[in-house]
Amino acid sequence: MTDLSIQFRSAEPADAATIRDIVRAAYARWVPVIGREPLPMRADYDKAVREHQFDLAVENGEIVGLIETMRHDDHIWIENVAVAPKAQGRGIGRLLLDGAERRAVEAGCPKLRLLTNGAFEANVLLYRKHGYTVDREEEFMNGITVYMSKALA
């Protein structure tokens, strides 16, 4: 069920610490699964907010989710999607993906691309449900990286 009280805005440099905290909380569940911190937990969000597009899901003035994207010539790269644990399961991730899709279409980009850890089965399933297909899988740090994409109309 999607909550209609969610609003969206672009991130500003002052949001970097909150973004980092949400990413760390959202990805913490995967640490025991893969035996290490996933790479997004170690990113420099002060730098990332300056260099990439971040769209934030905001509820009652509080950031509850984010999507980080980068524009390339032939696609939009989704670097990260994270929803605060207390806000998960309400369709916020789907809304963030929908927004990235709309922006890609508006920008004339025919494709969205992303990668995820194969051990993050719930994430792979979410992306498949959202119309992404697996392009390839590669071994990485004792696991499997799953590269996925979605062609846009």
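Computed from a prediction, not measured in an experiment: that's the story for all the values here.
Under the 4.5 Å side-chain heavy-atom criterion for Ile, Leu, Val, Met, Phe, Trp and Tyr, Val83 and Ile22 are members of distinct hydrophobic clusters. Both Ile67 and Leu112 belong to a single network of hydrophobic side chains, linked directly or stepwise wherever heavy atoms of I, L, V, M, F, W or Y lie under 4.5 Å apart. Note on Met70: it does not cluster hydrophobically with Ile78, by side-chain heavy-atom contacts below 4.5 Å among ILVMFWY residues. Ile34 is connected to Val31 through a chain of hydrophobic side-chain contacts under 4.5 Å among Ile, Leu, Val, Met, Phe, Trp and Tyr, so both are in one cluster. A chain of hydrophobic side-chain contacts below 4.5 Å, direct or via other Ile, Leu, Val, Met, Phe, Trp or Tyr residues, connects Val33 to Tyr27.
Residue pairs meeting the salt bridge (Lys or Arg N to Asp or Glu O under 4.0 Å) criterion with at least one partner in residues 65-74, sequence neighbours excluded, do not occur; the list is empty.
With respect to Glu106 and Arg102, no salt bridge is recorded, no charged nitrogen being found less than 4.0 Å from a carboxylate O. Ion pair Arg94/Asp98 flagged as a salt bridge, since at least one NZ, NE, NH1 or NH2 atom sits closer than 4.0 Å to an Asp/Glu carboxylate oxygen. Remark: Asp15 engages Arg9 in a salt bridge, criterion side-chain N to carboxylate O under 4.0 Å. Comment: Lys86 does not engage Glu59 in a salt bridge, judged by the lack of any side-chain N to carboxylate O separation of less than 4.0 angstrom.
Scanning for side-chain contact (heavy atoms from CB on, under 4.5 Å) contacts around Phe8 gives Ile6, Ala57, Leu95, Leu96, with sequence neighbours left out.
Taking 4.5 Å as the limit, some side-chain heavy atom of Ser149 sits within range of a side-chain heavy atom of Thr133. Counting only heavy atoms from C-beta outward, the side chains of Leu115 and Trp77 approach each other to under 4.5 Å.
Asp55 contributes atom CG, which lies 5.0 Å from atom OG of Ser10 (distance to the nearest 0.5 angstrom). Here SG of Cys109 is found 8.5 Å from CG of Leu152. Values are rounded to the nearest 0.5 Å. Residue Arg136 holds its CZ atom at 12.5 Å from CE of Met148, rounded to the nearest 0.5 Å. In this structure, OG1 in Thr145 is found 6.0 Å from CG in Asn117, a value given to the nearest 0.5 Å. The structure places CG of Asn123 at 12.5 Å from OH of Tyr132, a figure rounded to the nearest 0.5 Å. The line from CG of Leu97 to OG1 of Thr69 is 11.0 Å long, rounded to the nearest 0.5 Å.
By the 30° and 60° cut-offs, the orientation of the rings of His52 relative to Phe54 is parallel.
Pairing each heavy atom of Ala26 with each of Arg29, the nearest pair is O-CG, 3.8 Å. Taking all atoms of both residues into account, the shortest heavy-atom contact from Val146 to Gly118 is CG2-CA, 3.6 Å. Residues Arg24 and Met41 come closest through the heavy atom pair NH1-O, 2.9 Å. The minimum heavy-atom distance linking Tyr45 with Val23 is given by the pair OH-CG1, 3.4 Å.
Other residues, nucleotides and ligands place no more than 12 heavy atoms under 6.0 Å from the CD atom of Glu121. Few gaps surround CD on Glu51; more than 12 heavy atoms of other groups in view lie less than 6.0 Å from it.
Looking only at distances, a side-chain donor or acceptor of Lys150 sits under 3.5 Å from a matching main-chain atom of His130. Put simply, the side chain of Arg103 gets close to the backbone of Gly99: a donor and an acceptor are under 3.5 Å apart.
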